[in-house]
Engineer: 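Can you read through this structure? Questions will come right after.
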Amino acid sequence: MPFRLIPPVFRSPHAPVRGPAGTPRSPRTVALALALWFSTVGNWAMWREILGLIEQGRFSSGHPGLLAAAMGILVFGLNAVLLTLLAWPRGMKPVWIALAVIAGVAQHYMLSYGTVMDPGMMANVLQTDPREVRDLLNLSLLGQVLLVAGPPTLVLVRTPLRRFGVWGQLWRNAALMALVVAGVSLASLGVYRELAPLLRNNDQLRFMTNPVSSVYSTLNVATKPLRKRGPRKLVAISAGAKLGPSYAAGAAPPKPPLFVLVVGETARADHFGLNGYPRDTTPELAARQVTSFRDVHSCGTNTLASVPCMFSPLGKQGYESRKVDYENLLDVLQAAGLGVVWIDNQAGCKTVCDRVLTYSTDDALGARDPAARALCDGGECLDMVMLQNLDQRIAALPEARRRNGIVVVMHQMGSHGPAYYRRSSPGSKRFLPECATNELAKCDHQALVNVYDNSIAETDRFLGHAIDWLKARQDRFATGMLYLSDHGESLGEYGLFLHGLPYALAPEVQKHVPMVLWLGDGFASRQGLDRGCIQALRDAALTHDNLFHTVLGTLDVGTPAYRPALDAFAGCHGPARLASSGAGSAVR
């Protein structure tokens, strides 16, 4: 038998090769068989969800079995349509196998973490960095891929395909697709009055059809740039930005502000001891006289959605419906004359820091500094590393800006899952035993809560050190710090883990986030802020929409984009400050 350099699965011979499987099969037969396989073995997450809805009595029909059967036909039809488009004898075996692997991967994450494969989730997936990918790999993932992709791959490798001419292949595919669409339409019409409300009231089902939802969402994200006409316009909002009266030089020039803005990651407000959580997860912050705001909600449920939105002047509604891009808070602060530095311990700033001085803690992974190296292990660093060499990084700013004032933005790794056990140092692991795996569904619930709370304790430790770093520089600067998380996290409630569900479907714990403020004496007096007034606002209802305007007001930066109604502390400024804010309504 001659040696074959290229396996049969990757070859396209002119005639079908008769392998051990015997008779050549039509590509359409293969497509229908794969559609049936995906609709059953590859859709456990969807069927589990439907069974849950039946148990909860969420079907309005007295015949849930009939409606579930209609869902089965619908799912089979969607998969059959997708695979019929790919039912060609040449070069499609690798594509079919890739789809099977995608189905296995998607099923793992839907079963293990309760995620759905909507375009928002897929955009987040496509921006995942190697560190996050590593945290998501485990034996359960391999098991699902082998289960869903293994048998079809073995059959496909051994099955020769029957060939037709191009036109013969085309009309046969078209006929099969028409037949599938007609059959699915008839089946759906029979129970339409109840099927439509089911899908409308349970949006998650739309993005649990495997692998159709993954393919659709990936194409939606990948083709989004192609659907835009020309390069996306960047609208400037920094024109007219200026420093307020607190920066005016006098006989005794005021100390310039040094303000640290910490963008938290995956922190839940209800797991902060400051907010009434029974466990003392935030002793360092409690010892430093901070104000914790207990009713704050995020713009999105993942980093890609939340971080650009929280720095935007548009607010959640305006940001999500925008047709062009806008400059953000950092652009305004820089245009006013302040020095701005972004330090990232995450998977990037999602375009927010594109026009300011930026550092990544990836640099510390190969650093010779023993202090920095001690905070980094296994290809990532604890957040504490962002305080290393911070003075030198600030010194890289132009001197004129440093004289006016400095804003340092720190983007945390925080409590990013599922490998929560990597997010805390030994000194922060106070709650034991902790879940020491990324297969969260296999962990005892209390161990999962313990490991998550340890990550919050590490954030508390980091923020406490950040405040101490600021205090040590009060001889030269008026110092302050604001911490605000980008989104929350699910820890097994309702069978959900991690974050990233569509906002309308996401539970409260993925949207309710902590926000903490610390102001040094010099900063409060310099900026005309009444700390008692701010403390009284700790139960005010706030959102990410408030961040842009609150930071501008707190730093006394005037701009037409500033809206006092969205400045959380507007009522705590002196009257002269508010009058000079330059408030306007240039951005809508």
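Here the structure is a predicted model, which means the values were calculated and not measured.
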Engineer: Inspect the contact between R134 and E380 and indicate whether a charged nitrogen and a carboxylate oxygen are less than 4.0 angstrom apart.
Structural biologist: yes
Engineer: Name the orientation class of the two ring planes belonging to W342 and F311 (parallel below 30°, tilted from 30 to 60°, perpendicular beyond 60°).
Structural biologist: tilted
Engineer: For a 4.5 angstrom cut-off between non-hydrogen side-chain atoms, does H271 reach R279?
Structural biologist: no
Engineer: Between E493 and R268, does any NZ, NE, NH1 or NH2 come within less than 4.0 Å of an OD or OE carboxylate oxygen?
Structural biologist: yes
Engineer: Go through the side-chain N and O atoms of Q412 and T459 and say whether any donor and acceptor fall under 3.5 Å apart.
Structural biologist: yes
Engineer: Between S424 and E458 (side chain of the first, backbone of the second, donor and acceptor by atom type, cut-off under 3.5 Å), is there such a pair?
Structural biologist: no
Engineer: Indicate yes or no: does D135 engage R423 in a salt bridge with an N to O separation below 4.0 Å.
Structural biologist: yes
Engineer: Answer with yes or no whether the side chains of Y247 and D556 bring together a donor and an acceptor at under 3.5 Å.
Structural biologist: no
Engineer: Can you tell me how the ring of H512 sits relative to the ring of H297, calling it parallel under 30°, perpendicular over 60° and tilted otherwise?
Structural biologist: parallel
Engineer: For D468 and R288: C-alpha separation, side-chain torsions, deciding distance, then whether salt bridge (charged side-chain N to carboxylate O under 4.0 Å, His left out) applies.
Structural biologist: CA-CA 9 Å; D468 292 344; R288 287 166 175 79; 2.7 Å; yes
Engineer: Heavy atoms, side chains only, cut-off 4.5 Å: are H487 and T266 in contact?
Structural biologist: yes
Engineer: Any heavy-atom pair between the side chains of T303 and H411 that's under 4.5 Å?
Structural biologist: yes
Engineer: So, T361 versus N345: side-chain donor-acceptor pair below 3.5 Å or not?
Structural biologist: yes
Engineer: Hey, does the Lys NZ or Arg CZ of R322 hover above the aromatic six-ring of Y319, less than 6.0 Å from the centre and inside 45° of the axis?
Structural biologist: yes
